[in-house]
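Notes to accompany the following structure.
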Amino acid sequence: MMSSGEQSSQFSGPMRPPLPPPSPNIALGFNKSTFTYDELASATGGFVQSNVIGQGGFGYVHKGVLPNGKEIAVKSLKSGSGQGEREFQAEVDIISRVHHRHLVSLVGYCIAGGQRMLVYEFVPNKTLEYHLHGKGLPVMDWNTRLRIALGSAKGLAYLHEDCHPRIIHRDIKAANILLDNNFEAMVADFGLAKLSTDNHTHVSTRVMGTFGYLAPEYASSGKLTEKSDVFSFGVMLLELITGKRPVDLTNAMEDSLVDWARPLMAQALADGNYNELADANLEKNYNPLEMARMVSCAAASIRHSARKRPKMSQIVRALEGDSSLEDLNEGVKPGQSSIYNSTTTSDYSQSSYNADMKKFRQMALGSQEFPSSEFAGSSSSDSHELRQL
Ligand SMILES: Nc1ncnc2c1ncn2[C@@H]1O[C@H](COP(=O)(O)OP(=O)(O)OP(=O)(O)O)[C@@H](O)[C@H]1O
């Protein structure tokens with residue numbers, strides 16, 4: 001950046017037009033995609049624990065504020081992906097160009113020593129998982145559920161059908177739907193998104209994603225298409241309809257949500273009675289036509305045959321009531337049973353936090369490599385260990 005002395009010398013030259021004043025965005029470290037460790041440390045109060053807003057499979061997420069007042073969420077990635085710096089930058093560059101009302105924007109990134117951090121716009125009202133399943137919170141009303149379903153469907157349709165290259169999210173779940181203060185949905189976690197450049201089925205060597213949401217073909221063979229996201233989205237619709245978690249070993253639901261709901265959906269769609277399926281906490285306060293649309297979309301999205309699942313844009317139209325539900329419902333068949341365990345944990349102690357942050361700082365400042373398993377607060381789930389951008 002130019003000093004004020006340098007700038008004034010520009011004005012003294014007789015033939016040269018004066019330079020415009022520096023843009024406040026550039027001067028304040030906004031509108032750019034790379035951040036230094038010091039900039040992010042300063043934005044997050046030195047990565048202080050009181051600024052931790054979450055912990056996922058990647059590592060900690062800190063809230064921060066840039067000098068221009070913009071609020072950010074800084075996600076520190078665990079090391080060990082084996083991905084080179086240029087490959088990382090190339091992926092981040094593509095992802096940071098994706099902007100949509102229902103997608104959380106990536107503002108930039110930081111590579112400091114062996115430490116990588118992603119900087120996202122801050123979304124203030126926690127996640128769908130928190131509001132749907134959190135204890136002691138007000139029951140989410142039907143209109144809000146429908147609006148969240150539609151918003152996230154639009155965000156996902158944009159990734160699948162309007163981005164070049166198209167983007168498969170790979171980890172659609174209630175915890176990755178962030179909410180703004182008006183309960184508008186924003187799809188998050190592009191750290192997991194893998195870019196798909198061709199029109200053919202991509203066979204992944206590693207299955208990523210979260211148990212309970214995984215499409216059967218992806219879980220068993222790693223075969224990945226947009227339709228794996230559609231399956232996960234269908235599971236999320238079921239959560240909105242029933243208020244139940246995808247897998248909940250603490251209650252009487254012995255099967256996964258998908259297996260429990262399949263026969264009930266078929267029955268409800270046949271006789272038009274949704275009361276057994278619908279979240280009891282709604283106390284029957286839902287619009288039956290909208291419920292029929294959402295159930296139809298869920299049933300179509302979780303079809304065993306990936307090919308028969310609808311595209312996200314079809315789901316958007318069906319949820320909006322713009323298309324016939326028969327388009328979605330053809331060929332729905334009850335499927336096989338599968339029980340998945342969820343191992344995500346968001347609990348972490350002061351001591352494990354301190355240990356993690358010590359290593360994090362050493363790594364960021366001293367270019368020191370350490371294996372991802374050394375993160376004391378990290379999740380033990382295989383899928384989490386594999387998630388690196
Ligand atoms: N952009 C953001 N704005 C506000 N809060 C955020 C943002 N990104 C993440 N968070 C918070 O941090 C938490 C952890 O996010 P993260 O994406 O790392 O993990 P996760 O999605 O819960 O788990 P996983 O890594 O298993 O997908 C989120 O649940 C959310 O509360």
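Owing to the predicted nature of the structure, the values given are computational and were not obtained by experimental measurement. Atoms within each ligand, like the ligands themselves, are counted from 1 in listed order.
In the hydrophobic clustering of this structure, Leu269 groups with Val258; members are Ile, Leu, Val, Met, Phe, Trp, Tyr whose side-chain heavy atoms approach within less than 4.5 Å, directly or through other members. Linking Ile, Leu, Val, Met, Phe, Trp and Tyr whenever their side-chain heavy atoms come within less than 4.5 Å puts Leu128 and Leu150 in one cluster.
Listed by number with element, the atoms of ligand 1 under 4.0 angstrom from any heavy atom of Tyr120 are 1 (N). Here is the list of ligand 1 atoms found below 4.0 Å of a heavy atom in Asp171: 27 (O). Under a 4.0 Å criterion applied to the non-hydrogen atoms of Ile53, ligand 1 contributes the atoms 4 (C), 5 (N), 6 (C), 11 (C), 12 (O), 31 (O). Near Val104, meaning under 4.0 Å from any of its heavy atoms, are these atoms of ligand 1: 1 (N). Atoms of ligand 1 found under 4.0 Å from any heavy atom of Phe122, numbered from 1 in the order shown, are 3 (N), 4 (C). Residue-ligand proximity, Leu178 to ligand 1, at heavy-atom distances under 4.0 Å covers atoms 1 (N), 2 (C), 3 (N), 6 (C), 7 (C), 8 (N). Remark: ligand 1 atoms within the under-4.0 Å shell around heavy atoms of Lys173 are 23 (O), 24 (P), 26 (O), 27 (O).
Heavy atoms of Lys126 found under 4.0 angstrom from ligand 1: none, in either backbone or side chain.
By the 4.0 Å N-to-carboxylate-O rule, Arg147 lies close enough to Glu184 to be salt-bridged with it.
Using a non-hydrogen distance threshold of 4.0 Å, Glu129 does not register as a contact of ligand 1. A heavy-atom separation below 4.0 Å is found between Glu121 and ligand 1. Using 4.0 Å as the threshold, Lys75 has a heavy atom nearer than that to some atom of ligand 1.
Counting only heavy atoms from C-beta outward, the side chains of Thr242 and Leu277 approach each other to under 4.5 Å. Proximity of Phe47 to Tyr37: side-chain heavy atoms (C-beta onward) are separated by under 4.5 Å at one or more points.
Ring planes of Phe183 and His131: perpendicular class, angle over 60° (limits at 30 and 60°).
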### Message
Could you go through Thr225 and Arg307, starting from their C-alpha distance and side-chain angles, then the distance that decides it, and tell me whether this counts as side chain to side chain contact (heavy atoms under 4.5 Å, CB included)?
### Response
CA-CA 10 Å; Thr225 67; Arg307 209 166 30 85; over 6 Å; no

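Each of Ile302, Ile172, Leu214 was compared with Phe231 under the side-chain contact (heavy atoms from CB on, under 4.5 Å) criterion, and only Ile302 meets it.
Residue-to-ligand polar distances keep Thr127 apart from ligand 1: every N/O pair is separated by 3.5 Å or more. For Val123, a nitrogen or oxygen atom sits less than 3.5 Å from a nitrogen or oxygen atom of ligand 1, counting backbone and side chain alike. In terms of polar-atom proximity, defined here as any N/O pair under 3.5 Å, Gln55 makes no such contact with ligand 1.
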